[in-house]
Amino acid sequence: MVSAAATAFSKTAQRGMLSSMFIHPPKSSHITQHSTQLQTPTPLEKFKIDCKSSSGINTNDALTSFDNMLQIKPSPPISSFNKLMGVVAKTKNYQDVIFMYHRMVGADLLPDYITLNILINCYCSLKRVDLGFAVVGGNFKRACSPDIVTFTSLIKGLCLEDKIDDAVVLFNKIIGMGFQPSIWTWATLIKGLCRGGNAVTALRLYKEAGSSNGRSGLRFNPDLTCYATLIHGLCKEGLVDKGKQLFLEMKGRGIMPDLVTYSGLIHGLCEGGEWEEAKRFFIEMVDRGIRPNVILFTILIRALCKSGKTEEASGLLNLMIQRGEEPNSFTYSTLMNGFCMENRIDDAKNLFALMEAKGYKRDVVCYNVLINGYCKCQKLEEAMRLFNEMARDECKPTVITFNTLLTGLFQVGKVEDARALFTKMEVHEVTPSSSTYNILLDGYFNNNCLVEAMELFHTLERSGFVLNVETYNFVLDGFCKAGKLDLASELFERLPQKGLVPTVVTYSIMIQGFFKNNFHAKAMELFHTLERSGFVLNIVTYSCVLDGLCKVGQLELASELFERLFEKGLVPTVVTYSIMIHGFCKNGKMEKAYSLFLEMEKEGCAPNLITFNTLMHGFCSCNDAPKVVELLQKMAERNIFPDADEKLGNIIGDESNKSLQHLFKASQPTQEHAELNKAMRRRQACRVE
DNA sequence: GTAGGGTTAG
């Protein structure tokens, strides 16, 4: 055994850590003097070396040293083993730490409370809080007692598994037991609350415990980390004003925000569309001499992409490179996604190629982004080619990869390929998620594969797979669209028996379904019942009702309801406006249709292809050439291309409309644009979700 | 020698 350890040690010495010590021997080190004698050090010497330099150690070396230490008799102190375990834990190689622990126990060494704390933290970080608790109930009971560090890890573990309530219960319990939470405990709980979208609770905790009115004995003096966590959490939930307030408060307390704090605040502001404010804080930060790093640049690049400024985002990428800040895979996938969202698939592809050229590892997210880009513009062959390339790049597809591809395949009607891909999931050891089943159900229904959809649905119901209301929504929508209103109604009635609560989406689907299947009275009855009960309906529900009313010729009623939306604090979407515009056009009320179109533009709601088509159709029908010209111009401004339309062609064909001919030729849709239009229409096809 | 904060995809 000892010789095996010696061999292992000499390998380590040749390989890494020690060789660098030979090159740069530390002054006045007796260990180095030993080493320069070119004899293989004994395990004990090795242990001494390790203890001296464990700060710069890598995981492999730590594991080897650990094994060596296990051979030493008498055993080195437990603290030395803990130190090495701590080093490995810092690298997030939790499985290795657990392995080390078992080796230790196997060698009859008695772990102390720190060993157990490290072990528990590893289990918690791996989302196995149950095993963490098992350690507390087992080893801990025998040897020593858990302390505040133990409980902090357990609280983190519960939060990571989304058991926020349990985490709060544990927090209160330990206070009841007389423990004083440390600043780490507070930070962990705040982070856990913010992670689960409970930033308001975190803020309340901060206010209660931070003031003199708090529970007796409970003191909380937040530090930089606590503030950063709380600010980011609040901003993420759209409570940007509260985040800013806290930002000022911490400054007032003399705690100066650092890069992480600014990043969290700026991220929140960007996500909430408060671009100017974000810029203001960014400038303040730079003025304070804090340099942005790759994470903040990525946040900014995402924000630019989200507001349609991919060119600027691209410029920012170049700027960060110029400034010597290396982009990472997050940065690249963010910008690639920005390009894909604008259908600039070639730019995304070039970036993807650039990553390879620069020697960057292209991770699964990069692949997923590009695959999604290809799916969005209906280039499924390319998407599948990328999928097949992933293996070559040693990149394992995730459930997101499969869900993306399945969605894309169903959208272009490639049901056979979707089916084949689904069976491949098992080969790739990827477990389908409830989203996967939703995509399959939706895909089968939309491609008129009613039998398959029903089969899958019944298999799922029988399999014991926990179906949530979202899945039922897809089935209900499928039934309604397939004209099977009887099945939909029956299933809808049965939801409570299954312990499921219909959501606003469920109700919207049913209202739309009733209208579509000519049960207008039932649709309105459901709508009125919901309104009277105080159930909060959203703009989609109202859009479904408006659409139904318009279709049954109740334009007056629809107009009244539309006007009432504003009182309810609801903001009409492009779909809502298009529905109303369509209603007016169909009834020959072109003036009303047009004024609503102007209104939506004024409100900052961008008209889309469907809006333009509806209006264009209306104005063509009444031969209003000047309006058609105006609309064509507006479309061109928005980079939207008209569909080839017979009536539009007739107007343009008229000799008297030379300017129109010219304009139409300039905006003549190419094959690619026609495909994009088709893709957009499919995406927007009366989707309630 | 153990516990806490900011970035990407469906």
Side-chain angles (χ1 to χ4, degrees), chain A residues 51 54 77-87 89-90 97 111-122 124-125 147-157 159 181-192 194-195 222-233 235-236 257-268 270-271 292-303 305 327-338 340-341 363-373 375-376 398-408 433 435-436 438-439:
Chain A
C51 287
S54 69
I78 288 296
S79 62
S80 306
F81 291 96
N82 292 343
K83 196 171 182 181
L84 280 176
M85 283 170 76
V87 168
K90 284 258 184 314
V97 181
D112 68 1
Y113 75 101
I114 290 184
T115 327
L116 298 179
N117 276 346
I118 296 172
L119 179 69
I120 288 168
N121 190 47
C122 289
C124 291
S125 302
D147 61 1
I148 192 61
V149 176
T150 325
F151 290 122
T152 302
S153 294
L154 290 170
I155 288 170
K156 178 179 80 174
C159 292
S182 71
I183 195 75
W184 306 82
T185 322
W186 283 108
T188 306
L189 187 64
I190 289 173
K191 165 77 178 162
C194 290
R195 192 179 163 273
D223 65 356
L224 182 61
T225 300
C226 291
Y227 274 115
T229 313
L230 203 42
I231 290 167
H232 180 235
C235 290
K236 217 176 60 183
D258 65 352
L259 175 62
V260 177
T261 322
Y262 275 106
S263 302
L265 180 66
I266 291 169
H267 184 209
C270 289
E271 291 295 304
N293 68 355
V294 58
I295 296 182
L296 185 49
F297 274 119
T298 306
I299 290 170
L300 297 173
I301 286 173
R302 181 178 144 90
C305 288
N328 59 21
S329 67
F330 283 62
T331 326
Y332 279 111
S333 36
T334 302
L335 187 55
M336 275 167 55
N337 194 46
C340 288
M341 290 304 105
D363 63 13
V364 64
V365 179
C366 293
Y367 272 98
N368 288 349
V369 165
L370 199 56
I371 286 174
N372 185 43
C375 286
K376 275 222 151 47
T398 63
V399 69
I400 296 181
T401 321
F402 283 99
N403 289 353
T404 308
L405 279 165
L406 287 170
T407 307
S433 63
S435 298
T436 316
N438 294 345
I439 293 163

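Here is the naming used below: chain letters follow the sequence lines, and residue numbers restart at 1 for every chain.
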Test side chain to side chain contact (heavy atoms under 4.5 Å, CB included) applied to Ser79(A) and Ile114(A), step by step: CA-CA 8 Å; Ser79(A) 62; Ile114(A) 290 184; over 6 Å; no
Worked verdict on Thr225(A) versus Lys191(A) for side chain to side chain contact (heavy atoms under 4.5 Å, CB included): CA-CA 10 Å; Thr225(A) 300; Lys191(A) 165 77 178 162; over 6 Å; no
Nearest-Å distance for atom pair CE/P, residues Met85(A) and dT2(B): 11 Å
Sugar-phosphate, base or nothing in reach of Ser182(A), heavy atoms under 4.0 Å: base
For atom CD1 of Ile183(A) and atom P of dG5(B), their distance in whole Å: 13 Å
Integer-rounded Å distance: dG6(B) P and Ile190(A) CD1: 12 Å
Test side-chain hydrogen bond (donor to acceptor under 3.5 Å, both in side chains) applied to Thr188(A) and Thr185(A), step by step: CA-CA 5 Å; Thr188(A) 306; Thr185(A) 322; over 6 Å; no
Sugar-phosphate, base or nothing in reach of Thr150(A), heavy atoms under 4.0 Å: nothing
Thr225(A) side chain, from C-beta outward: closest of dT2(B), dA9(B), dG4(B): dG4(B)
Sugar-phosphate, base or nothing in reach of Ser79(A), heavy atoms under 4.0 Å: base
Whole-Å gap separating P (dG10(B)) and CG (Asp363(A)): 14 Å
Touch class at under 4.0 angstrom, heavy-atom based, for Cys226(A) against every strand present: base
Touch class at under 4.0 angstrom, heavy-atom based, for Leu406(A) against every strand present: nothing
For atom CG of Leu265(A) and atom P of dT7(B), their distance in whole Å: 13 Å
Touch class at under 4.0 angstrom, heavy-atom based, for Ser433(A) against every strand present: base
Ile148(A), nearest nucleotide to its side chain (from dA3(B), dG5(B), dG4(B)): dA3(B)
Minimum-distance nucleotide (side-chain atoms of Ile295(A) versus dT7(B), dA9(B), dG5(B)): dT7(B)
Show me the side-chain donor-acceptor pairs of residues 294-301 of chain A shorter than 3.5 Å, one per line, residues at least two apart or across chains.
unit_1    : atom_1 : unit_2    : atom_2 : d
Thr298(A) : OG1    : Val294(A) : O      : 2.7
Thr298(A) : OG1    : Thr331(A) : OG1    : 3.1

Integer-rounded Å distance: dG5(B) P and Tyr227(A) OH: 18 Å
Sugar-phosphate only, base, or nothing, as touched by Ser333(A) at under 4.0 Å among non-hydrogen atoms: base
Candidate nucleotides dG5(B), dA9(B), dG4(B), ranked by approach to the side chain of Asn372(A) - the nearest: dA9(B)
Touch class at under 4.0 angstrom, heavy-atom based, for Leu370(A) against every strand present: nothing
Out of dG10(B), dT7(B), dT2(B), whichever nucleotide has its closest atom nearest the side chain of Thr404(A): dG10(B)
side-chain N/O Lys236(A) vs dG6(B) OP1/OP2, d < 4.0 Å: no
Leu224(A), nearest nucleotide to its side chain (from dT8(B), dG4(B), dG5(B)): dG5(B)
Step-by-step side chain to side chain contact (heavy atoms under 4.5 Å, CB included) determination, Cys305(A) to Asn337(A): CA-CA 8 Å; Cys305(A) 288; Asn337(A) 194 46; over 6 Å; no
Options dG4(B), dG6(B), dA9(B), nucleotide nearest the side-chain atoms of Lys156(A): dG4(B)
Closest nucleotide among dG5(B), dG6(B), dT8(B) to the His232(A) side chain: dG6(B)
Any Arg302(A) side-chain nitrogen or oxygen under 4.0 Å from OP1 or OP2 of dT8(B): yes
Distance-only donor-acceptor test (3.5 Å): side chain Thr334(A), base dT8(B): no
Rounded distance (Å) that lies between atom P of dA9(B) and atom CZ of Phe330(A): 10 Å
Side-chain donor-acceptor pair present, Thr407(A), Thr404(A), cut-off under 3.5 Å: no
Ring-base stacking, Trp184(A) with dA3(B) (5.5 Å, 30° cut-offs): yes
Polar side chain donor-acceptor pair, Ser435(A) to Asn438(A), under 3.5 angstrom: no
N or O in side chain of Lys83(A) less than 4.0 angstrom from dT2(B) OP1/OP2: no
Base of dG5(B) paired with side chain of Thr261(A) (donor-acceptor, under 3.5 Å): yes
dG6(B) OP1/OP2 closer than 4.0 Å to side-chain N/O of His267(A): no
Listed nucleotide nearest any side-chain atom of Val149(A), set dA3(B), dG5(B), dG4(B): dA3(B)
Among dG4(B), dT7(B), dT2(B), the nucleotide that comes nearest once only the side chain of Ile299(A) is considered: dT7(B)
